[in-house]
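Read through the structure below, which is laid out as structure tokens, and then see the notes.
The sequence lines fix the lettering, A, B, ..., with proteins before strands; numbering per chain opens at 1.
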Amino acid sequence: MAVRKSITAMTVAEKTAFTNAMRQLKTTSVNGRNYNWYIDQHVLYFSRTSDNISHAHQSPSFFPWHREYMRLLELDLQTVSGNANLFLPYWDWTGSASPFTADFLGAITNGSVSSGNFSPSWGWSLYRSSIQTSFLQRRVGQSASRPTAATVTNIQSYQVYDQSPWNSTVSNSYRNRGEIELHNRVHNYVGGHMATREAPNDPVFWLHHCNIDRLWWLWQSSRGIDTYQPRTGFTAGVVDNTEAMRPFGNGRTPSAVRDITLLGYSYA
Amino acid sequence: MAKTNRRDVLRYGAAGAVTAATAVVAGQELASAEPPPGAGDPKNPLGGLKNVLDPRDFDEVFKGKKIRGLHNQRGRNELTINNRRLALTEISTLFVPADGSPPYVGVGWISALNHYDPVEIDSSRNREGLRKLARKVVDILGDYELADGAADEHGH
């Protein structure tokens, strides 16, 4: 049972265990996957796939897709490290604590991560980068600011999970407002590879999405756990509540991932 | 205009110094007078003349990189950076202005590089949108070039 902690609550040992497990998964396959499998899925499922469904982004399944994606990564990190207590940490970007420190995700935030954690010499390699470089790129704060606590409060106050036309144009939608105003904005705030299609090259991707998942869980705790929309099973172009999400396979539906206590983790 | 090369046409077009009609004539004239520069050249994937030049098109240098944008080429906008192609994808999306003005739905363009930051491109208020997108991508690239994968098309 993983307890996902804030980066502000992590010990140095926990930070080291997390970064080492990420590095191990880069070069080791467990449960039929390695780290680059996750980058492949992110690139592939950003687009509409052959079923004409947008599984991962700009659609209602944005939240449950990433919840399942992170559950698998957490499992793989536990397997590769042999540490059943290993957890994905979350980065509450409204606070002042930064994950970009020498003892965690690396301290360089204005260009190439050329030394320290997550540099090539430390053992981190890029995969499918659309920027021709072997160095992870970050440009923190150069093209966008962080969402404020007031923005988060505003997003969390939306009562409708999602509604037709179920895409990136919906205004009265917790999912779309959260995806655009919180999720997209932090990708742009970090910049560099986080701004790209292959964003999981930067390990901070997971800390960001863990916070997004935590916010969805808080929203569910207030609005209802079983509140995913659409529910009918016949909505064209989107994943309905009981429809499987690719590539996760049979049974991995939005409904199946609605309750995190059944998925084996919690938020501290 | 007989000796005008494509770059000049683009430059004048971008500056609004020729009318759209003149630009069309110039484009056709060039197309028949000489083989399209760069046609079939893998280093110049946008090579070849457009049938219709758009006054918003540009071919210039920004922060040491050559950025070249063509509007509505074969029905879509196209961009190269240092002659490397960046695939652009059109999405309809909500925009939430940072200045607190009301959100609105518009058409934005994303790419592998500005994947979470759609840029509006049109012929009125956002007529400089493609140039803005190009500059944004140059900033993300820093000292580096686009990789081949950035040219891959993807739908949304």
- prompt: Should A/R146 and A/V186 count as side-chain neighbours, where that means a heavy-atom distance under 4.5 Å?
  reply: no
message: Within the 4.5 Å heavy-atom criterion, are A/I155 and A/L215 side-chain neighbours or not?
response: no
Part of [X] lying under 4.5 Å from any heavy atom of chain B:
X	result
A/N167	neither
A/S129	backbone
A/I131	both
A/S112	side chain
A/V43	neither

statement: If you tally heavy-atom pairs under 4.5 Å between each of A/R128, A/Q142, A/H183, A/R177 and chain B, the highest tally belongs to A/R177
- prompt: If you measure from CG on A/N154 to CD on A/E181, what distance do you get to the nearest 0.5 Å?
  reply: 6.5 Å
- request: Measure centre to centre between the rings of A/W216 and A/Y174, then say whether the value is under 6.0 Å.
  value: no
- request: Would you please indicate yes or no on a ring centroid separation below 6.0 angstrom for A/H42 and A/F205?
  value: yes
statement: Looking only at B/N114, B/L141, B/V105, B/V96, the option with the highest number of non-hydrogen pairs under 4.5 Å against chain A is B/V96
- prompt: Top residue by heavy-atom pair count (under 4.5 Å) with chain A, among B/V137, B/D148, B/D117?
  reply: B/D117
Carboxylate-amine/guanidinium proximity below 4.0 Å for B/E128 and B/R135: no
